[in-house]
2 protein chains.
Amino acid sequence: MSARATTRPGGRSARVQQSVHQAVRDLEAELGRDALTVPLIAARAGVTPSTVYRRWGDLRELLSDVAVERLRPDALPADHGSLRADLEAWAAQFADEMSSAAGRTYIRDALLGDPEQGNAARCSDYAAEQLKAIGVRAAGRGEAVPGVETLLDVVVAPLMYRILFRPSDLSEGYTGHLVAAALGGDSAPSAPKS
Amino acid sequence: MSARATTRPGGRSARVQQSVHQAVRDLEAELGRDALTVPLIAARAGVTPSTVYRRWGDLRELLSDVAVERLRPDALPADHGSLRADLEAWAAQFADEMSSAAGRTYIRDALLGDPEQGNAARCSDYAAEQLKAIGVRAAGRGEAVPGVETLLDVVVAPLMYRILFRPSDLSEGYTGHLVAAALGGDSAPSAPKS
DNA sequence: GAACCAGACGCAACTCCTTCGCGTTAAGCT
DNA sequence: AGCTTAACGCGAAGGAGTTGCGTCTGGTTC
């Protein structure tokens, strides 16, 4: 049902998918996300609307695909010399990007794809890959490293929960507090009031 | 923009809102959620489609309102005699309800409402109220009680993250593991592999 | 390398969701 | 009771979403 598993990866189908995705990005930048419609996107991409409906089935599904691509990290997390520094830097950047208006829109769009496994799981996989890379690097230094599952539970999940459900309660030092909780160290000064 | 803050809470407006909400629930049970359309709902509710569009602006917004109402807990958490037992029972029930097909649909619908504060925050408030009630009761017994913020971070957020992003990775004893992490006790046997 | 098969696309017509202006109704207030 | 204004009903116009059919292209097989 999704366009990802195209049965014909090469040739025309690939060109259509590429041009449609590009049209979404262009029009989103020009007109804003709320102005996007399938006929508009199709016209910009040089295809007919029915093609888009057949491949993606829905505007939501198409936007979900594009959103997941934009959420894909473009590089491995930077090396700051220690597990704690790496995690804090990564979590801070993650929180910044995801809590922005654009980031929240992409997350929401990504969550709207096919409800079963699919686009949403990819977002989590991206975070897991980054955390795993940080963990492997720290293990190479001889540091004790929490498992990826634990980091997802203790750092990523609370951040995402606040971004999605409590957008107003995302303070500055919160990521530091979460990393400290994950590593068992001291909490950052601006820990939650409890 | 949302229908909640109706400037005229009484009289006809209230009747319209009530009948429209009821129509959504009825039609959702009869035809399934995907078959819902604004004209259909309006006809069942005995109003014109333009009324629905004016009040809610969008089918998504209307479904978001209805979903939040369905996510509202109908009773205070049961008393099992101890903080740990109360938390485990509540978390297990929460996970069950939210990870079901209907629960996930309601959560997704609720998240689609007005992006700023609104319906999504209500969902979190519901959980916070329940946790606070459990906490107050435990404090009355003389138990040491983690703050609501901590419980949201350590128990609710990981559950919700898995439900939304990793629907396949929600094992049986996971909630027990999370409660144990929150209370500092031993982990349940089926803890994550890390 | 040439013919075959199947999936994907373009085209066009149809349905109906969505929007908007205007007149009417009723809720809240003095 | 009269007034003000928000909310609703109605109807028309525009546009999104859907579908059937023919054509084309990419992959496969002989």
Side-chain angles (χ1 to χ4, degrees), chain A residues 1-28 30-67 109 112-115, chain B residues 1-24 26-28 30-66 109 112-115:
Chain A
M1 184 172 292
S2 182
R4 256 169 285 108
T6 308
T7 49
R8 292 185 172 178
R12 185 170 61 171
S13 295
R15 279 197 306 275
V16 167
Q17 168 162 351
Q18 196 170 4
S19 67
V20 168
H21 277 211
Q22 190 61 43
V24 170
R25 286 187 289 265
D26 292 348
L27 290 171
E28 187 176 350
E30 294 176 17
L31 308 175
R33 184 188 163 283
D34 293 337
L36 296 184
T37 65
V38 170
L40 198 68
I41 295 167
R44 172 67 66 100
V47 299
T48 59
S50 60
T51 296
V52 175
Y53 285 117
R54 265 187 259 268
R55 293 255 312 215
W56 285 273
D58 202 344
L59 175 62
R60 281 171 23 197
E61 201 71 31
L62 171 57
L63 292 181
S64 179
D65 273 14
V66 176
D109 284 343
L112 292 181
D114 37 296
Chain B
M1 181 170 293
S2 183
R4 254 170 285 108
T6 308
T7 51
R8 292 184 171 178
R12 185 170 61 169
S13 295
R15 280 198 304 276
V16 167
Q17 168 162 353
Q18 195 170 2
S19 68
V20 169
H21 277 211
Q22 189 62 43
V24 170
D26 291 348
L27 289 172
E28 187 176 350
E30 293 176 18
L31 308 175
R33 183 185 164 283
D34 292 339
L36 297 184
T37 66
V38 171
L40 198 66
I41 295 166
R44 172 67 65 103
V47 298
T48 58
S50 60
T51 295
V52 175
Y53 283 116
R54 264 186 261 267
R55 293 252 315 212
W56 283 273
D58 203 345
L59 175 62
R60 281 173 21 200
E61 201 70 33
L62 171 57
L63 292 181
S64 178
D65 274 13
V66 176
D109 284 343
L112 292 181
D114 36 296

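What you see is a predicted model, and the numbers here were worked out from it, not measured in a lab. Order of the sequence lines fixes the chain letters, A, B, ..., with proteins taken first and strands second; residue numbering starts at 1 for each chain.
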Are A/R54 and A/T51 close enough that some pair of their side-chain heavy atoms sits under 4.5 Å apart?
no
Using side-chain heavy atoms (C-beta onward) and a distance below 4.5 Å, is B/Q17 in contact with B/V20?
no
Euclidean distance, atom [atom1] of residue [X] to atom [atom2] of [N] [Å, nearest integer]:
X: B/E61; N: C/dT19; atom1: CD; atom2: P; result: 13 Å
X: A/Q17; N: C/dC9; atom1: CD; atom2: C1'; result: 15 Å
X: B/R60; N: C/dC17; atom1: CZ; atom2: P; result: 18 Å
X: B/I41; N: C/dC16; atom1: CD1; atom2: P; result: 16 Å
X: B/W56; N: D/dA7; atom1: CH2; atom2: P; result: 12 Å

Under the salt bridge (Lys or Arg N to Asp or Glu O under 4.0 Å) test, residues paired with A/R60 that sit two or more places apart
none
Heavy-atom nearest pair, A/R33 first then A/L63, reads NH2-CD1, 3.9 Å
For A/A67 against A/D109, the heavy-atom pair lying closest together:
CB-CB, 3.7 Å
Could you tell me whether the side chain of B/R55 and the main chain of B/S13 form a donor-acceptor pair under 3.5 Å?
yes
Would you list the protein and nucleotides 14-17 of chain D atom pairs, both N or O, that sit under 3.5 Å from each other?
{"from": "D/dG17", "atom 1": "OP2", "to": "A/Y53", "atom 2": "OH", "distance (Å)": "2.3"}
{"from": "D/dG17", "atom 1": "O5'", "to": "A/Y53", "atom 2": "OH", "distance (Å)": "2.9"}

Pull out every protein N or O sitting under 3.5 Å from an N or O of nucleotides 10-13 of chain C, one pair per line with the distance.
{"from": "C/dG10", "atom 1": "OP2", "to": "A/T48", "atom 2": "N", "distance (Å)": "3.3"}
{"from": "C/dG10", "atom 1": "OP2", "to": "A/T48", "atom 2": "OG1", "distance (Å)": "3.3"}
{"from": "C/dG10", "atom 1": "OP2", "to": "A/T51", "atom 2": "OG1", "distance (Å)": "2.5"}
{"from": "C/dG10", "atom 1": "O6", "to": "A/R54", "atom 2": "NH2", "distance (Å)": "2.9"}
{"from": "C/dC11", "atom 1": "N4", "to": "A/S50", "atom 2": "OG", "distance (Å)": "3.1"}
{"from": "C/dC11", "atom 1": "N4", "to": "A/R54", "atom 2": "NH2", "distance (Å)": "3.4"}

Assess whether side chain to side chain donor-acceptor pair (under 3.5 Å) is satisfied between A/Q22 and A/R25, documenting all intermediate values.
CA-CA 5 Å; A/Q22 190 61 43; A/R25 286 187 289 265; 3.1 Å; yes
Using the side chain to side chain contact (heavy atoms under 4.5 Å, CB included) rule, pick out the option among B/V38, B/L36, B/V52 that qualifies with B/L62.
B/V52
